[in-house]
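A note on names: the letters A, B, ... follow the listed sequences, proteins ahead of strands, and every chain is numbered from 1. Remember, predicted model here, so these are calculated numbers, not experimental data.
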Amino acid sequence: MRNVLVRRTRVLASTPARQLKQTLSGAEFTGMSRRGKYLLFTLRTPGRVEPFMLVGHLGMTGRMYVAPAKTPLPKHAAVVLDLGRENFVFEDTRYFGRFTLETGAIEKLGPEPLAQESAPEGFQRALKRSAQPIKVKLLDQELIAGVGNIYACEALLRAGISPKRPAKKLTLTQIGQLWRAIREVLSEAIEGGSTVPLNYSGTDKRDGLFYFGRAPEAPDFYAERLRVYDREGLPCGACRTPIRRLVQAARSTFYCPRCQRG
DNA sequence: CACCATGTTCCTTG
DNA sequence: CCAAGGAACATGGT
């Protein structure tokens with residue numbers, strides 16, 4: 001790439017803006033993968049032997065996309081890579097996201113639910129050790145990678161487990177069911193997200209992987225994807241009991257008191 | 001104005 | 001040292 005514009009150094013974490021510019025100048029993207037909620041970009045600089053990695057995280061409101069160079073930059077563009085005819089844009093309203101050369105965060109991540117058929121021993125043992133509510137444990141990225149607040153709620157519903165249940169009180173059978181539920185929920189979310197056009201720049205309300213707010217032209221587009229999240233007071237799809245909301249570790253939890261006992 | 005929000009990290013307390 | 005809880009981060013929507 002030709003040039004790197006850093007408008008918010010915060011998203012670079014500990015990588016100095018100068019270093020990012022220097023490292024990226026002349027480099028090319030060669031690949032991309034994912035680990036937990038982190039995006040891993042592989043790059044190479046022609047003439048140099050060592051490829052290197054760029055680590056991205058979308059936080060709560062981040063987006064990364066490629067757009068024609070003439071497209072006006074969004075208000076909260078944090079980093080823009082000049083690719084010539086196009087720009088790579090990392091835009092993040094809240095600047096909670098990351099775009100950095102620092103790789104430390106990914107090394108601490110727990111197992112990938114989609115890479116393991118059944119619950120790994122380490123996951124089981126960690127749960128058996130903790131008195132914290134299971135919902136809180138699911139958000140711990142060192143225990144299991146990639147589960148956030150929404151899908152933690154959804155997975156617990158499908159596994160029929162109360163979010164309040166102390167982790168150590170789950171049976172091995174329940175842990176197995178929970179692991180499977182997490183895999184299902186994430187697979188379906190990825191499948192649903194795949195219906196979003198690849199060049200989608202995230203400027204309308206259906207901003208990617210989950211529904212947030214109303215899409216007037218297709219009210220049901222995402223409606224059946226989330227069965228409890230943000231549905232306080234609405235009837236559970238399985239038993240019609242009103243969905244409840246509670247706060248755990250300063251986050252909202254939604255659950256069905258009838259389908260999720262214990 | 002008050003309160004809420006998809007995530008992570010840091011600080012304090014026990 | 002570890003577990004647990006809460007605040008902070010920054011901005012926008014309701």
Novice: Is the distance from OP1 or OP2 of B:dT8 to the nearest side-chain N or O of A:Gln141 less than 4.0 Å?
Specialist: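 For A:Gln141, the contact criterion (side-chain N or O under 4.0 Å from OP1 or OP2 of B:dT8) is met.
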
Novice: Compare the minimum distances between each of B:dC4, C:dA3, B:dG7 and the side chain of A:Arg129, then state the nucleotide with the smallest one.
Specialist: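 Closest nucleotide among those given: C:dA3.
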
Novice: For a quick test of your reading: what N or O donor-acceptor pairs under 3.5 Å do the side chains of residues 70-78 of chain A make, sequence neighbours left out?
Specialist:
from	atom 1	to	atom 2	distance (Å)
A:Thr71	OG1	A:Pro68	O	2.9
A:His76	ND1	A:Tyr95	OH	3.0

Novice: Hey, is the side chain of A:His57 poking within less than 4.0 Å of OP1 or OP2 on B:dT8, counting only N and O atoms?
Specialist: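 For B:dT8, OP1 or OP2 has a side-chain N or O of A:His57 closer than 4.0 Å.
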
Novice: Mind listing the side-chain donor-acceptor pairs of residues 141-149 of chain A below 3.5 Å, one per line with the distance, residues two or more places apart or on another chain?
Specialist:
from	atom 1	to	atom 2	distance (Å)
A:Gln141	OE1	A:Gly146	N	2.9
A:Gln141	NE2	A:Leu139	O	3.2
A:Gln141	NE2	A:Val147	O	3.0
A:Asn149	OD1	A:Lys135	NZ	2.8
A:Asn149	ND2	A:Ser252	O	3.0

Novice: Decide whether A:Gln248 and A:Thr253 meet the rule of one side-chain donor and one side-chain acceptor closer than 3.5 Å.
Specialist: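 A pair is found: one side chain offers a donor N or O, the other an acceptor, under 3.5 Å apart.
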
Novice: Remaining members of A:Met53's ILVMFWY cluster at a side-chain heavy-atom cut-off under 4.5 Å?
Specialist: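 Under the 4.5 Å side-chain rule, A:Met53 groups with A:Tyr38, A:Leu40, A:Val55, A:Ile106, A:Leu109.
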
Novice: Check whether any side-chain nitrogen or oxygen of A:Arg245 sits under 4.0 Å from OP1 or OP2 of B:dA5, and answer yes or no.
Specialist: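 Affirmative; the distance criterion is met.
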
Novice: When the P atoms of C:dA10 and B:dC11 are considered, how many whole Å apart are they?
Specialist: 15 Å

Novice: Can you list everything that forms a salt bridge (Lys or Arg N to Asp or Glu O under 4.0 Å) with A:Arg44? Sequence neighbours excluded, please.
Specialist: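 With sequence neighbours excluded, A:Arg44 shows a salt bridge (Lys or Arg N to Asp or Glu O under 4.0 Å) to A:Glu28, given in chain and number order.
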
Novice: Could you tell me which residues satisfy ring-ring contact (aromatic ring centres under 6.0 Å, His included) with A:Phe123, sequence neighbours excluded, listed by chain and number?
Specialist: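 In terms of ring-ring contact (aromatic ring centres under 6.0 Å, His included), with neighbours along the sequence ignored, A:Phe123 is linked to A:Trp179.
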
Novice: Just the rounded figure in Å: distance from P of B:dA5 to OH of A:Tyr229.
Specialist: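 Computing the A:Tyr229:OH to B:dA5:P distance gives 6 Å.
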
Novice: Show which residues join A:Val136 in its hydrophobic cluster (side-chain heavy-atom contacts under 4.5 Å, direct or indirect), or state none.
Specialist: none

Novice: Go through residues 101-111 of chain A and report each residue with a non-hydrogen atom lying under 4.0 Å from DNA chain B, sorted by number.
Specialist: none

Novice: Please report, rounded to the nearest Å, how far the P atom of B:dT6 is from the CD atom of A:Glu91.
Specialist: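 In whole Å, B:dT6 P and A:Glu91 CD are 19 Å from each other.
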
Novice: Work out which heavy atom in A:Thr45 is nearest to a heavy atom in A:Phe52; give both atom names and the distance.
Specialist: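 That closest heavy-atom pairing would be OG1-CE2, 3.7 Å.
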
Novice: Using whole Å, what does the distance between atom P of nucleotide B:dT8 and atom NZ of A:Lys37 come to?
Specialist: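 A:Lys37 atom NZ is separated from B:dT8 atom P by 4 Å.
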
Novice: With respect to the side chain of A:Asn149, which nucleotide from B:dG7, B:dT8, C:dA4 is positioned closest?
Specialist: B:dG7

Novice: Whole Å only: how far is the CG atom of A:Leu139 from the P atom of C:dG5?
Specialist: 13 Å

Novice: Check side-chain hydrogen bond (donor to acceptor under 3.5 Å, both in side chains) between A:Arg35 and all other residues, then give those that pass, not counting sequence neighbours.
Specialist: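 Per chain and number, A:Arg35 pairs via side-chain hydrogen bond (donor to acceptor under 3.5 Å, both in side chains) with A:Glu112.
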
Novice: Each nucleotide N or O in nucleotides 9-12 of chain C that has a protein N or O under 3.5 Å away: list the pair and distance.
Specialist:
from	atom 1	to	atom 2	distance (Å)
C:dA10	O4'	A:Arg94	O	3.2
C:dT11	OP1	A:Arg8	NH2	2.6
C:dT11	O3'	A:His76	NE2	3.3
C:dT11	O2	A:Arg94	NE	3.4
C:dG12	OP1	A:Lys75	NZ	3.1
C:dG12	OP1	A:His76	NE2	2.6

Novice: For a quick check of understanding: with a heavy-atom distance under 4.0 Å over all strands, which category does A:Ser130 fall into, base, sugar-phosphate or nothing?
Specialist: sugar-phosphate

Novice: Where does DNA chain C pair, written as one dot-bracket string 5' to 3', with Watson-Crick or G-U pairs under 3.5 Å, ( ) inside the strand, [ ] for crossing pairs and | for another strand?
Specialist: .||||||||.||||

Novice: Would you say a side-chain N or O of A:Gln132 is under 4.0 Å from OP1 or OP2 of C:dG5?
Specialist: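 Yes, such a contact exists.
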
Novice: Can you measure A:Leu58 atom CG to B:dA5 atom C1' for me and round it to whole angstrom units?
Specialist: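 From A:Leu58 CG to B:dA5 C1': 16 Å.
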
Novice: Applying side-chain hydrogen bond (donor to acceptor under 3.5 Å, both in side chains), can you list everything that pairs with A:Gln19, at least two apart in sequence or on another chain?
Specialist: none

Novice: Tell me the interatomic distance from A:Tyr151, atom OH, to B:dG7, atom C1', rounded to whole angstroms.
Specialist: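 Value for this atom pair: 14 Å.
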
Novice: Could you check how far NZ of A:Lys137 sits from C1' of C:dC2, rounded to whole Å?
Specialist: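 From A:Lys137 NZ to C:dC2 C1': 11 Å.
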
Novice: For A:Leu234, what residues pass the side chain to side chain contact (heavy atoms under 4.5 Å, CB included) criterion, not counting sequence neighbours?
Specialist: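 Checked A:Leu234 against side chain to side chain contact (heavy atoms under 4.5 Å, CB included); matches are A:Arg231.
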
Novice: How about A:Gln260 and A:Ser162: does a side-chain donor come under 3.5 Å of a side-chain acceptor?
Specialist: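 Judged by distance alone, the side chains do not pair up.
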
Novice: For A:Arg98, answer base if it contacts any base atom (sugar-phosphate contacts may also be present), sugar-phosphate if it contacts only those atoms, and nothing otherwise; contact means non-hydrogen atoms under 4.0 Å.
Specialist: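 Contact class for A:Arg98: none.
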
Novice: Which value, in whole Å, describes the distance between the C1' atoms of nucleotides C:dA4 and B:dT6?
Specialist: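 My reading of the C1' atoms in C:dA4 and B:dT6 gives 23 Å.
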
